[in-house]
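Written out below as C-alpha cells is the structure these notes cover.
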Amino acid sequence: DIRITQYKVYIYSMIKKLLKPIHLNLQYRKHYYMKKIIQMLYPSYSLEDLLNQMSRMGLKKSQTLFIHSSWDQFINFTGKPIQLINAILDILGPDGTLAMPAYPNWNLQLAENPVFDVKKTPSAAGLLTEFFRRHPNTKRSINLNHSVCAIGKHADFLIKDHHYSETSWDTNSPYYRLSEINGIIMGLGVGHDLKIATCLHCIDSLLKDEIPFFSNLFQESVTYTYIDQYNNQGKHTFIRRNPNSKINTKKISAYMDKTLLIEKKLSNLDLYSIPAKYLIDKSIQLAKKGITMYTLPKPKKSLFYPSK
C-alpha cells in the first residue's frame with residue numbers, strides 16, 4: 001500500500017511538471033489576446049493626458065502623493081515608467097513628496113532567516129515601483145513586510161521609523177504618517193472601490209489593542225535581519241497579520257464620501273484618489289461600529305466590543 005501511494009504521488013508530480021508549461025503558455029496566450037482586445041477597444045493616451053487626469057484628482061505642486069499602481073493595465077499608454085515618475089516629480093516640485101509601496105517578494109518574507117537589504121532587495125509591488133526604487137533620489141523604509149519608497153520634502157519623515165513598527169501599519173509607518181501631512185493616495189490601474197489601498201490596514205494596527213477582532217488578526221511574530229543604507233546590520237521584529245485573512249473593500253468604499261473618494265477612467269485605466277486622513281479616520285469610525293473590509297475571519301459583532 002505504501003509503495004502504491006508513493007507511486008501515485010510520483011505519477012501526480014510528473015503529470016504536474018508536464019502540464020506546467022502548457023498552463024503557463026495558456027496564461028500567456030490569454031494575457032496576449034486580452035491586451036490585443038483592449039488595444040482595439042480603447043484609445044491610446046499620452047503622458048500629458050494621464051498627468052491632466054491626475055491633476056484633476058489631486059496631483060499638484062507641493063502635494064504629498066502616494067501611488068499604488070499596476071503597470072500591466074497601462075496597455076494603451078504611450079509613455080514609459082521613468083517618464084511618468086519624473087513628470088510627477090516635476091509637478092510636485094521641491095516641496096512635494098512622492099511615495100510608493102516597495103514590499104519584497106512573498107518568498108523572501110516567508111524565508112527561514114530573511115535578510116532585507118534596503119538598497120538591493122527588489123520591490124514586488126509592480127514595475128513602476130521598481131523603477132521608482134532605483135531612482136537616484138529615492139529613500140526606502142526598512143520593513144520586510146510593507147516597505148515604502150519616497151522622494152521629496154517629507155521622505156525622511158515617512159520612512160525613518162518603519163523598522164520600529166510593531167505592525168507594518170502603525171503610527172511609526174509611512175502609511176499612517178501620510179495622514180499627518182495631508183497626503184493623498186492615488187491608484188493607477190489597481191481598480192476601484194479601494195481594492196488596493198494599504199492604508200486601510202492602519203485600522204487593523206490602530207485598533208488591535210482596543211477591539212478583539214483586530215487583536216486576533218495579529219498572532220505571529222517575525223524577526224528578520226536588515227541592512228540599512230549605510231550597510232549596517234540590525235534586527236527588527238514585527239507582528240504579521242494573518243495571511244489567511246480575506247477582505248472585500250467594497251464593504252468600506254460604499255460608505256465613503258464620493259466627493260473625496262474620486263474614481264475615474266482614462267482609456268482602460270482605472271484611477272482613484274482619496275485623502276489618507278479621511279480614509280483612515282472614516283474607516284476607524286466604521287470599525288468601531290463593527291463595519292470592516294474583512295470577510296475572513298468572520299467579523300462577528302461580539303468581537304467588536306472594546307477589550308476590558
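As the structure is a prediction and not an experimental result, all values here were calculated from the model. Scope of the values below: all heavy atoms of this structure, side chains included, with no hydrogens, waters or symmetry mates.
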Practice problem: Quick one: do Gln39 and Ile75 satisfy side-chain contact (heavy atoms from CB on, under 4.5 Å)? Show the steps, please. | Solution: CA-CA 7 Å; Gln39 286 174 333; Ile75 293 169; 3.5 Å; yes

Can you find a pair of side-chain heavy atoms, one from [X] and one from [Y], that are under 4.5 Å apart?
X      : Y      : answer
His135 : Leu89  : yes
Asn216 : Pro297 : no
Glu166 : Ile239 : yes
Thr121 : Arg140 : yes
Leu84  : Phe131 : no
Lys300 : Ser302 : yes
Thr292 : Leu286 : no
Val148 : Asn143 : no

Self-check item: Pair listing, salt bridge (Lys or Arg N to Asp or Glu O under 4.0 Å) test, anchored in residues 238-266, at least two apart
Solution: Glu220-Arg240, Lys265-Asp270

Is a donor on one side and an acceptor on the other found under 3.5 Å between the side chain of [X] and the backbone of [Y]?
X      : Y      : value
Asn268 : Gln73  : yes
His163 : His236 : no
Asn232 : Asp228 : no
Asn76  : Tyr42  : yes
Ser267 : Pro43  : yes

I need the [X] [atom1] to [Y] [atom2] distance, nearest 0.5 Å.
X      : Y      : atom1 : atom2 : result
His192 : Leu271 : NE2   : CG    : 6.5 Å
Tyr272 : Ile262 : OH    : CD1   : 12.5 Å
Gln229 : Thr138 : CD    : OG1   : 12.0 Å
Leu279 : Ile252 : CG    : CD1   : 9.0 Å
Thr129 : Arg133 : OG1   : CZ    : 9.0 Å
Tyr176 : Ser165 : OH    : OG    : 12.5 Å

Which atom of [X] lies closest to which atom of [Y], heavy atoms considered:
X      : Y      : result
Thr295 : Ile247 : OG1-N, 4.1 Å
Ala125 : Pro101 : CB-O, 3.7 Å
His162 : Ser141 : ND1-OG, 2.8 Å
Ser173 : Ser168 : CB-O, 3.3 Å
Met256 : Ser283 : CE-OG, 3.6 Å
Met54  : Ile88  : CE-CD1, 3.7 Å

Go through the side-chain N and O atoms of [X] and [Y] and say whether any donor and acceptor fall under 3.5 Å apart.
X      : Y      : result
Ser46  : Asp49  : yes
Gln109 : Asn145 : yes
Asp193 : Thr249 : no

Would you kindly confirm whether [X] and [Y] end up in one hydrophobic cluster when ILVMFWY residues are joined by side chain heavy atoms under 4.5 Å apart?
X      : Y      : answer
Leu51  : Ile82  : yes
Ile181 : Ile274 : yes
Leu98  : Leu158 : no
Ile38  : Trp71  : no
Leu261 : Leu188 : no

Quiz item: Take atom CG in Asn182; do more than 12 heavy atoms of anything else shown fall under 6.0 Å from it?
Solution: no

Self-check item: Residues, nucleotides or ligands: over 12 heavy atoms within 6.0 Å of Gln83 CD
Solution: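 For Gln83, atom CD is crowded (more than 12 foreign heavy atoms under 6.0 Å).
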
Self-check item: Partners meeting salt bridge (charged side-chain N to carboxylate O under 4.0 Å, His left out) with Arg134 (sequence neighbours left out)
Solution: Glu130

Practice problem: Tell me, with the steps shown, if Thr198 and His146 meet side-chain contact (heavy atoms from CB on, under 4.5 Å). | Solution: CA-CA 9 Å; Thr198 305; His146 258 280; 3.7 Å; yes

Practice problem: Report the relative orientation of the aromatic rings in Phe77 and Phe74; use parallel for angles under 30°, tilted for 30 to 60°, perpendicular for over 60°. | Solution: perpendicular

Quiz prompt | Parallel, tilted or perpendicular: rings of Trp169 and Phe218 (30°, 60°) | solution = tilted

Quiz prompt | Aromatic ring proximity, centroids under 6.0 angstrom, Tyr175 and His201 | solution =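 Between Tyr175 and His201, which both carry aromatic rings, the centre distance is not below 6.0 Å.
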
Quiz item: When the ring centroid of Phe304 is compared with that of Phe213, is the distance short of 6.0 Å?
Solution: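 Close enough - the centres of the two rings lie under 6.0 Å apart.
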
Quiz item: Can you check side-chain contact (heavy atoms from CB on, under 4.5 Å) on Leu92 and Thr64, steps first, answer last?
Solution: CA-CA 8 Å; Leu92 295 175; Thr64 295; over 6 Å; no

Quiz item: Which pairs, with at least one residue in residues 148-157 and sequence neighbours excluded, count as a side-chain hydrogen bond (donor to acceptor under 3.5 Å, both in side chains)?
Solution: Lys139-Asp156

Quiz prompt | Test side-chain contact (heavy atoms from CB on, under 4.5 Å) applied to Ile280 and Leu178, step by step | solution = CA-CA 10 Å; Ile280 292 173; Leu178 284 169; over 6 Å; no

Self-check item: Candidates Leu108, Leu144, Asn113, Val115 - the one meeting side-chain contact (heavy atoms from CB on, under 4.5 Å) with Tyr224
Solution: Leu144

